[in-house]
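This report concerns only the one structure given below.
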Amino acid sequence: MTCKSLLITSTSVTFELVNQAVYEVADPYDVWLNHQLVFKGISKNVCSLYGLQPDTTYEMNLVDSTGKRSSVNFQTATETICLPVRRFGAKGDGMTDDTLAIQAAIMACPKGGRVLISAGTYSVKTLFLKSHMTLEIAKGATLSYCMTAYEGAILPGYLSDSQNDDYYLGSWEGNPLDTYTALIQGIHVEQVNLIGEGLLEGNGVNWWEFPKVKRGAWRPRLLQLIHAKDVNVQGLTFQNSPSWTLHPLFSNHLNFLDLTIINPKDSPNTDGLNPESCRDVLIVGVYFSVGDDCIAIKSGKIYLGRRLKSASEAITIRNCSMNFGHGAVVIGSEMAGGVKNIWVSQCRFHETDRGLRIKTRRGRGQDGIIDGITVKNIHMEGVLVPFVINAFYFCDPDGHSDYVKTKDKLPVDDRTPYIGSLTFEAIRCTGIEISAGFFYGLPEQPIECLMLKNCDFAFAEDATSGYPAMMDDIPTYHRAGLMFNHVKTVMINRIQFQNVSGEKITLNHVEKVVMQHVDEKNGGQHH
């Protein structure tokens with residue numbers, strides 16, 4: 001058993017086991033720090049330790065049930081000073097508005113300092129982060145979002161003048177629209193740590209009624225980073241978000257580690273973590289249970305994608321647990337700037353409607369390129385449709401127009417998106433209901449290449465029927481196999497099915513097929 005450190009701050013460390021286990025190991029282990037037992041019977045591949053001393057060397061030992069030991073030495077970062085928010089007047093009594101007191105501590109924090117929010121319940125509106133600092137929300141501390149519609153600060157969707165380019169801030173569903181400030185807001189910040197074992201409570205019930213109605217501005221997030229870089233978010237729990245929970249926008253070099261994100265199953269638009277036009281993002285060890293998509297990778301709707309051409313790329317998702325919600329890992333539908341080079345591995349998808357889901361449509365534009373997607377070593381349980389690629393997603397006011405929904409071949413122009421190469425390997429699915437996979441490209445711009453290798457698809461005996469994708473003019477399906485429509489190349493190797501109804505593999509308008517070691521009972525057809 002070996003491990004590596006993912007983040008070391010002045011008072012904390014996050015480590016990850018180096019293995020091929022999905023999210024957790026079968027044999028729990030103990031964690032010792034400087035010969036003192038700190039955790040017993042841990043099973044997660046990712047774990048964090050807190051309460052460490054700055055600029056101190058530690059010896060950490062991981063010991064499994066057989067007594068096998070793995071040792072790691074690390075040194076915590078230096079720290080200039082710790083600023084407790086209670087010294088700045090914060091009460092933490094759940095009734096006093098502590099926004100100003102905590103913000104004063106943040107603004108007073110020098111480079112390399114740490115602002116400490118100790119145990120208590122702190123009612124706050126919005127806290128603005130500052131560069132080169134750590135904000136620690138300690139165990140037993142709750143930040144409770146007390147802002148309501150019409151009383152909060154607003155981020156304008158964009159500002160412009162005759163001499164400068166447009167300046168984009170507020171964002172709603174991929175468009176530059178006015179939104180309320182988040183519980184924690186970072187704008188043009190860098191080298192920031194947001195850490196701890198505390199809770200960020202969004203009190204979303206105050207915002208979920210009439211979710212499609214704009215009340216002064218659009219609903220806020222719990223954490224939003226705009227034009228930020230080198231930000232680490234570690235250990236915290238986020239719950240009951242008013243809308244998307246974590247929303248990094250136009251930001252680079254971000255780490256989201258060992259987090260817990262919980263929103264009710266029926267809460268509207270409460271996605272877990274949505275990187276939008278971001279680069280170099282690491283999402284590791286995060287537990288999701290949400291009312292919409294767990295992770296949705298985006299890059300702007302038509303206007304922003306075409307104007308800024310800012311893709312989301314180089315995003316790694318590993319050792320995460322995705323539960324409930326609409327999709328586990330989703331790309332789109334606001335992806336007009338492109339989504340490239342995404343790696344998803346060692347994750348568990350549990351009772352999400354879809355597993356890996358791509359949503360695009362005509363009109364997203366020629367910069368809406370989705371390419372280099374790799375999904376490997378995934379366990380799915382009770383996922384209705386493990387894989388969906390839908391180039392006819394019927395979103396937006398014109399979503400049901402003839403232009404979007406027609407299956408006729410249209411001319412390729414600057415409105416036509418592109419789907420490149422995707423690889424799915426070592427995927428185990430149980431309890432499927434509707435379809436193992438539904439891949440539907442545009443007739444004028446087929447999906448470039450799909451590779452499926454070492455995948456097992458087992459259907460539930462009591463499976464229900466349903467639509468595999470949100471697109472017009474398709475029938476419902478029940479325990480259907482893999483269905484490919486308008487794909488240039490399909491490569492299949494070592495695929496097995498259980499309890500499938502009808503054809504296991506259906507190929508329509510597929511130019512090239514390479515098929516090996518498919519379930520010997522397969523009876524695929526090719527049109």
Side-chain angles (χ1 to χ4, degrees), residues 265-266 291-294 322-330 332-333 348-361 375 378-395 399-400 405 407 422 424 427-441 443 447 450 452 454-487 490 492 494-510 513 515 518-527:
K265 286 184 185 181
D266 60 351
D292 208 312
D293 296 326
C294 296
M322 287 77 165
N323 301 270
F324 313 114
H326 297 169
V329 177
V330 177
S333 68
R348 181 176 65 197
F349 300 172
H350 175 69
E351 293 189 17
T352 57
D353 293 342
R354 307 293 182 265
L356 186 282
R357 183 184 188 191
I358 292 176
K359 302 181 292 186
T360 185
R361 44 149 289 190
V375 183
I378 306 294
H379 291 177
M380 304 193 198
E381 306 156 354
V383 175
L384 301 181
V385 186
F387 303 121
V388 175
I389 300 179
N390 176 11
F392 293 86
Y393 186 63
F394 52 50
C395 58
H400 297 284
K405 73 179 184 179
K407 306 305 183 295
L422 297 93
F424 308 97
I427 313 293
R428 190 183 74 190
C429 307
T430 59
I432 304 168
E433 298 197 23
I434 297 173
S435 169
F438 186 82
F439 309 95
Y440 212 123
I447 300 167
L450 296 175
L452 288 87
N454 294 331
C455 299
D456 295 340
F457 301 103
F459 289 82
E461 293 284 356
D462 58 348
T464 58
S465 300
Y467 293 100
M470 294 176 66
M471 60 185 293
D472 286 318
D473 304 323
I474 59 171
T476 59
Y477 291 91
H478 174 252
R479 296 194 305 187
L482 296 169
M483 295 177 285
F484 301 89
N485 293 271
H486 299 294
V487 184
V490 172
I492 296 177
R494 300 188 184 278
I495 304 297
Q496 294 186 344
F497 298 89
Q498 183 178 341
N499 295 331
V500 67
S501 176
E503 302 292 346
K504 296 181 175 67
I505 299 175
T506 302
L507 304 165
N508 291 291
H509 308 290
V510 176
V513 180
M515 196 178 302
V518 178
D519 185 333
E520 62 183 12
K521 296 181 180 180
N522 172 64
Q525 61 182 9
H526 183 191
H527 297 286

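Computation of the quantities below employed the complete heavy-atom set of this structure, encompassing side-chain atoms and omitting hydrogens, waters and symmetry-equivalent molecules. What you see is a predicted model; the values in this text were computed from it and never measured.
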**Side chains of I358 and L422 in contact at under 4.5 Å (non-hydrogen atoms)** = yes

**Asked** Less than 4.5 Å apart, any side-chain heavy atom of I495 and any of K504?
**Response** no

**Prompt:** If you draw a 6.0 Å radius around CD in E381, do more than 12 non-hydrogen atoms from other residues or ligands fall strictly inside?
**Reply:** yes

**Fill in**
Rounding to 0.5 Å, atoms CZ (R479) and CD (Q498) come to a distance of 10.5 Å

**Request:** Give a yes or no answer on whether the side chain of S501 reaches the backbone of A480 with a donor-acceptor pair at less than 3.5 Å.
**Result:** no

**Prompt:** Can you find a heavy atom in the side chain of V375 that is under 4.5 Å from one in the side chain of V329?
**Reply:** no

**Prompt:** Are any of the side-chain heavy atoms of F387 and L450 separated by less than 4.5 Å?
**Reply:** no

**Prompt:** If we ignore angles and hydrogens, is there a donor and acceptor under 3.5 Å between the side chains of D293 and H326?
**Reply:** no

**Asked** Atom CZ of F457 and atom OG1 of T430: how far apart are they, to the nearest 0.5 Å?
**Response** 12.0 Å

**Request:** Quick one: list whatever passes ring-ring contact (aromatic ring centres under 6.0 Å, His included) with H350, sequence neighbours left out.
**Result:** F324

**Prompt:** If you count the non-hydrogen atoms of other residues, nucleotides and ligands that lie under 6.0 Å from CZ in R348, is the total more than 12?
**Reply:** yes

**Item:** Student check: side-chain heavy atoms of F424 and I378 closer than 4.5 Å
**Value:** no

**Request:** Locate the shortest heavy-atom distance separating V383 from D353; write the atom from each residue and the value.
**Result:** CG1-O, 3.9 Å

**Item:** Working for side chain to side chain contact (heavy atoms under 4.5 Å, CB included), residues R354 and F438
**Value:** CA-CA 11 Å; R354 307 293 182 265; F438 186 82; over 6 Å; no

**Asked** Does the pair F439 and L482 meet the rule for a side chain to side chain contact (heavy atoms under 4.5 Å, CB included), with working shown?
**Response** CA-CA 8 Å; F439 309 95; L482 296 169; 4.1 Å; yes

**Asked** Below 4.5 Å, heavy atoms only, C-beta onward: do H478 and I434 meet side chain to side chain?
**Response** no

**Asked** Say you draw a straight line from CZ of R494 to CG of N454; how long is it, rounded to the nearest 0.5 Å?
**Response** 6.5 Å

**Prompt:** Do you know the tightest heavy-atom contact between V330 and G332?
**Reply:** CG1-O, 3.9 Å

**Request:** Apply the test side chain to side chain contact (heavy atoms under 4.5 Å, CB included) to residues K407 and N485: give CA-CA distance (whole Å), side-chain angles for both, the deciding distance (0.1 Å), then the verdict.
**Result:** CA-CA 11 Å; K407 306 305 183 295; N485 293 271; over 6 Å; no

**Fill in**
Here the pair of heavy atoms bringing T352 nearest to C294 is CG2-SG, 4.3 Å

**Item:** Shortest non-hydrogen separation from M380 to P386 and the atoms involved
**Value:** SD-CB, 3.5 Å

**Complete:** When every non-hydrogen atom of A460 is compared with those of E433, the smallest separation belongs to CB-CG, 4.4 Å

**F394 six-ring centre to K405 NZ/CZ under 6.0 Å and within 45° of normal** = no

**Message:** Using every non-hydrogen atom in the two residues, find where F392 and G441 come nearest and quote the distance to one decimal.
**Reply:** CE1-O, 3.4 Å

Side-chain donor-acceptor pairs of residues 465-473 under 3.5 Å, sequence neighbours excluded:
| unit_1 | atom_1 | unit_2 | atom_2 | d |
| --- | --- | --- | --- | --- |
| D472 | OD1 | H400 | ND1 | 3.1 |
| D472 | OD2 | H400 | ND1 | 2.9 |

**Message:** Test of understanding: with side-chain hydrogen bond (donor to acceptor under 3.5 Å, both in side chains), list the residues that count as partners of N323, not counting sequence neighbours.
**Reply:** S321

**Request:** Determine, step by step, whether R361 and C395 satisfy the side chain to side chain contact (heavy atoms under 4.5 Å, CB included) criterion, reporting the C-alpha distance in whole Å, the side-chain angles of both residues, the deciding distance to 0.1 Å, and the verdict.
**Result:** CA-CA 8 Å; R361 44 149 289 190; C395 58; 3.8 Å; yes

